[in-house]
Amino acid sequence: MNSKYRPPLAINFVWHPDDHSTHFQNITKFRQYLTRDIDRPFSRELNIPTFLYSSRNIRIVPNQIKKWAKKNIVFLFLSENTLINSNWNEYIENISSEFGIIPVALDESALKHANYGLLKDKNFVRAYNWPQVNYQEFFILMLSHEIYRLGFNETSTTKTGIDSSLKIFLSHAKADVQGIGLAMEIKNFIDNTSIQRFFDTTDISPCFNFDEEIVKNLKESTVIAIGSDKYSSRYWCQREILMAKEERRPIVFVNTLEHYEDRIFPAAVNIPNIHVSHDTSIRSKEILRILIATLLETIRFNYSKILLDYYKEQNWIPENSVIFSRPPEVNQIITLLKNKDDKDRQEVLNICYPEPPVYPEEISWINHFESKSSDGEIINKIQARTPLWSISDIKQSSKNIGISISDYKEDQYEKQNQHIDELKRLSQVLAGHLLSRKHKLIYGGDLREDGFTQFILDEALIIQNRIMDNSLRVENHLAWPLFIDPKVKSFKAKYHGILHIEEYDAPNDIPLNNEVFLPPNCSENLYIWSRSLTNMRELSIRKSDLRIISAGKSSDYKGKMPGVLEEFIISMKIQKPIYLLGGFGGITNKITTSIINQELAPELTEEWQIQNNAGYAKLQEISTSKGFGADYSEVKNLINSTNIEILANNTGLSTEEYKRLMITPFIDEAVHLILKGLTAISTSQ
C-alpha cells in the first residue's frame with residue numbers, strides 16, 4: 001500500500017460566516033448529491049469526498065484547504081462580506097493556485113474580487129443572476145456542471161470554455177407527442193446555457209450518414225432516453241441505447257409514459273430512471289430535475305472509473321480487474337470473453353463495479369459461463385464484485401467487535417472540516433462490511449431516532465436481507481437508566497431477530513429503584529449516571545475482542561469523562577486491540593494527535609473539562625470523595641506511553657498503515673485498513 005492515500009477527486013466548499021444563514025442550505029443540499037445517501041445506504045450514489053470551510057465569526061478564518069486528492073476543486077462562495085474583510089481577503093490569497101478554483105458570486109459586489117490577486121480576471125459563476133424560482137435547482141445544476149467541466153472533461157484536458165462542457169444526446173421517439181415535445185423543451189433550455197447538446201433533427205447535417213453521425217456523437221455524450229409509450233418499439237431508439245451501452249456511456253432514462261408500454265426494451269435497464277409529470281405548469285422544474293440527474297450520473301459514471309483504477313494502483317482490487325461503472329450485463333460479459341486471447345481463456349475474469357453490490361440472485365447468471373476442459377479444469381470463470389463488499393471473499397474468523405462512534409459539537413467548519421453526517425456514513429459502511437463477514441457488533445449507544453444505533457441496525461437489516469443470513473446480530477449495551485426508556489420496547493419490536501439488548505444495572509453500592517427513571521439534572525444524579533455508564537463500559541469492553549474508536553464529544557456528556565475517551569482508556573488498560581480513527585474529528589482526533597505529537601491536547605485535561613462543562617467541578621468533587629473520580633493523570637500517562645508500533649501490531653497492520661488509519665478522513669481507506677487488519681489477525685490465529 002502507498003504511504004499516502006490520495007483519491008482522484010475532492011470537493012471543497014468555502015463561505016463567509018455572514019453568508020451562512022442564507023446560502024448554507026443550498027451548499028448542504030448540493031453536497032448531499034455528491035455523497036452517500038445515509039437514508040438510502042444501498043442506493044447507487046456518488047461518494048466523492050467533500051470538505052467544508054467556514055468559521056464561527058468574521059474575525060476568524062478556517063483552516064487552509066489541504067491537498068486532499070489528486071485533483072481538488074474549490075467552490076469559493078464570495079460576496080460583499082468576503083470583499084470588505086481583510087482577514088478573508090488574505091485567506092483567499094493563500095489558497096493554492098494548483099486547485100481548480102470556481103469563484104461563485106453570491107452578489108454583484110463579489111465580482112470586484114476579480115480585480116486583483118488570485119482571482120484576477122477570473123470568470124465567476126454568477127449565482128445572483130439565477131431566478132429565485134427554482135434557485136436551489138439552478139444552484140445544483142450549474143455547480144454540478146462545473147465539477148464535470150474541471151474534473152471529468154473526457155475528450156481533452158486542454159479544452160476550455162464551451163468546448164469543455166457536457167454534451168447531451170437526446171434519444172426519443174418522434175411518433176410520440178410527449179416524447180418529442182419534452183425533447184424540444186430540453187433542447188431549448190440547454191440552448192440558453194453553456195451545456196452543448198446533440199439533437200438528431202438539427203445536428204445531423206444533410207448528406208451525412210445517419211448511422212455514423214449517431215455513433216460519432218454517442219461516443220462523447222451522455223444519453224437522455226425519453227421513454228414514451230412507443231419508445232421501446234422503435235428501431236433507432238433501441239439502436240441508440242445499445243450503442244450507448246456498447247460504448248459504455250452514461251445514460252439516464254426519463255419516464256414520460258401516458259398510458260401503456262407493452263414491453264420495456266431489455267437494454268434500457270440497469271440505469272437511473274426519473275419520472276416526470278405531464279403538468280406543464282411545473283415543466284421548468286421537471287427539466288431542471290432531468291438535467292441534474294443527467295449531470296450527476298455523468299459525474300458518478302466517470303468518477304467510478306477513475307476511483308476503481310486508483311484502487312488498482314493501491315492493490316485493493318486485482319490488477320487485472322475489468323472496471324465497470326455499472327453492474328455488468330450479459331452482453332458485456334459475452335464481448336469480454338470473445339475478446340480474450342486463447343492463452344487467457346483459463347484465467348479468471350475479474351470484474352469490479354462500484355459499491356454497493358447487487359443482490360446475489362441478480363448476478364447469478366455469471367455462473368453459467370463456467371465450463372470445464374477435458375481434464376476437468378474450470379475455464380472462463382468469472383468473478384464480479386465491488387471493491388470492499390464481497391460475500392465470496394470472507395477470510396476472517398468471527399469476532400465480537402466493539403464500536404465506539406458518536407457525534408461531537410461542530411465548530412462551524414473552522415477546524416474540523418467535515419460534515420457530522422460523515423460519522424453516520426462511517427457507521428453504516430463499517431456495519432455493512434463487518435456484518436457481511438459474520439462479525440458480531442457491540443455498540444453502547446442510547447436508542448433514539450436518527451441515532452448511531454438506528455443507522456447501524458438499519459444497515460444490519462439490509463445486510464441480513466442481502467445475504468439471507470438470520471444469524472447476524474447487533475448487541476446494544478445499555479446502562480441504567482437508559483434501558484427503562486419506553487423507546488427501548490419499540491426498538492426491540494422493530495429490529496426483532498437482529499437486535500439483542502444487554503442491560504446493566506447501576507453498581508450494587510448505589511441504593512436506588514432500578515424501575516424508576518432518574519433524570520441527570522443535578523450533580524448527585526450525574527454521579528449515579530457516571531457510575532452506571534462506567535460499569536456498562538467496563539463489562540461491555542471485556543465482552544468484545546477488539547475496539548473501533550472514532551469521533552466522540554469533548555463536552556456535554558453524561559459520564560465521568562468524555563465517553564469515547566473513557567472507552568479508549570478502559571480498552572488500553574485491559575489490552576484490547578484498538579483501531580483508532582482520528583481523521584473524523586471529535587475527542588478521538590485529540591487522542592490521536594496527542595499520541596502522534598507526544599503532546600497532550602487540552603481537551604484531555606481536567607482543567608479544560610472543568611472550564612467547558614458546567615457543573616463538572618462539582619461532579620469531580622463528589623466522585624473523587626467516593627473514590628470514583630476521573631483520573632486525568634492516568635489519561636496523561638496512558639497517552640504518553642502509547643506506542644504506535646504496538647497498537648499496529650495488535651491490529652494486524654504495519655506501523656505505517658496504522659498511522660494512516662489514525663489520520664485518514666476517507667471512509668473507504670479507513671474501512672479497507674480495518675478489514676486488512678482483521679484478515680491479518682485471522683490468518684495469524
Side-chain angles (χ1 to χ4, degrees), residues 9-31 33-35 48-130 135-136 138-153 160-161 164 194 299 412-419:
L9 179 67
I11 309 295
N12 305 274
F13 299 91
V14 183
W15 70 97
H16 189 277
D18 282 350
D19 295 319
H20 185 88
S21 59
T22 306
H23 296 284
F24 183 62
Q25 59 182 338
N26 298 317
I27 295 171
T28 302
K29 188 67 176 179
F30 178 41
R31 177 188 164 274
Y33 280 92
L34 303 177
T35 57
I48 298 177
T50 59
F51 299 92
L52 306 167
Y53 296 84
S54 190
S55 57
R56 283 169 282 194
N57 63 67
I58 62 173
R59 293 180 296 276
I60 300 173
V61 295
N63 287 335
Q64 276 298 323
I65 303 169
K66 295 181 181 179
K67 295 179 182 177
W68 299 108
K70 291 183 176 181
K71 185 176 289 186
N72 300 274
I73 293 177
V74 179
F75 284 104
L76 194 55
F77 295 95
L78 303 169
S79 67
E80 63 179 11
N81 297 314
T82 55
L83 184 69
I84 64 175
N85 189 306
S86 57
N87 289 341
W88 275 81
N89 275 273
E90 184 179 350
Y91 178 81
I92 291 167
E93 289 306 307
N94 286 325
I95 295 175
S96 172
S97 59
E98 296 178 24
F99 296 159
I101 300 173
I102 303 169
V104 181
L106 300 176
D107 56 39
E108 200 165 356
S109 298
L111 299 179
K112 295 178 181 177
H113 275 290
N115 294 336
Y116 55 87
L118 180 72
L119 302 177
K120 184 172 175 59
D121 298 329
K122 292 271 189 184
N123 193 24
F124 282 46
V125 176
R126 303 189 182 203
Y128 62 87
N129 278 339
W130 297 335
Y135 180 89
Q136 191 170 84
F138 273 95
F139 189 100
I140 295 166
L141 176 68
M142 297 307 183
L143 298 191
S144 296
H145 188 243
E146 292 303 308
I147 291 178
Y148 170 79
R149 194 176 61 80
L150 288 186
F152 303 102
N153 179 17
T160 58
S164 65
S194 61
I299 293 170
Q412 186 121 347
Y413 313 110
E414 188 176 294
K415 299 294 182 187
Q416 181 59 33
N417 306 116
Q418 289 175 291
H419 197 286

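No hydrogens, no waters, no symmetry mates; every other heavy atom, side chains included, goes into these values.
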Candidate pair Trp88 and His16, rule ring pair (Phe, Tyr, Trp, His ring centres under 6.0 Å), full reasoning: CA-CA 8 Å; Trp88 275 81; His16 189 277; 5.2 Å; yes
side-chain contact (heavy atoms from CB on, under 4.5 Å) assessment of Trp130 paired with Val125: CA-CA 10 Å; Trp130 297 335; Val125 176; 3.5 Å; yes
Donor-acceptor pair, [X] side chain versus [Y] backbone, under 3.5 Å?
X     : Y      : value
Asn89 : Thr82  : yes
Asn63 : Lys415 : yes
Glu80 : Ser109 : no

Ring-ring centroid check Phe30 Phe75, cutoff 6.0 Å: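 Yes, they do, as the ring centres are separated by less than 6.0 Å.
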Check against side-chain contact (heavy atoms from CB on, under 4.5 Å), Leu111 and Arg126: CA-CA 9 Å; Leu111 299 179; Arg126 303 189 182 203; 3.7 Å; yes
Identified side chain to side chain contact (heavy atoms under 4.5 Å, CB included) counterpart of Tyr53 within the set Tyr413, Trp15, Tyr91: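 Testing Tyr53 for a side chain to side chain contact (heavy atoms under 4.5 Å, CB included) against Tyr413, Trp15, Tyr91 leaves exactly one candidate, Tyr91.
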Option passing side chain to side chain contact (heavy atoms under 4.5 Å, CB included) with Ile101 (candidates Leu150, Leu119, Val14): Leu119
Which atom of Leu9 lies closest to which atom of Ile147, heavy atoms considered: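 Residues Leu9 and Ile147, closest heavy atoms: CD2-CG2, 4.5 Å.
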Heavy-atom pair with the smallest gap, counting every atom of Ile102 and Ile73: CD1-CG2, 3.6 Å
Within a reach of under 6.0 Å around [atom1] of [X], are more than 12 heavy atoms found that belong to other residues, nucleotides or ligands?
X      : atom1 : result
Gln64  : CD    : yes
Glu93  : CD    : yes
Glu108 : CD    : no

Intermediate values then yes/no, side-chain contact (heavy atoms from CB on, under 4.5 Å), Phe13 and Thr50: CA-CA 8 Å; Phe13 299 91; Thr50 59; 4.3 Å; yes
Inter- and intrachain pairs under ring-ring contact (aromatic ring centres under 6.0 Å, His included), touching residues 95-128, at least two apart: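 Checked against ring-ring contact (aromatic ring centres under 6.0 Å, His included) - neighbours excluded - no pair reaches residues 95-128.
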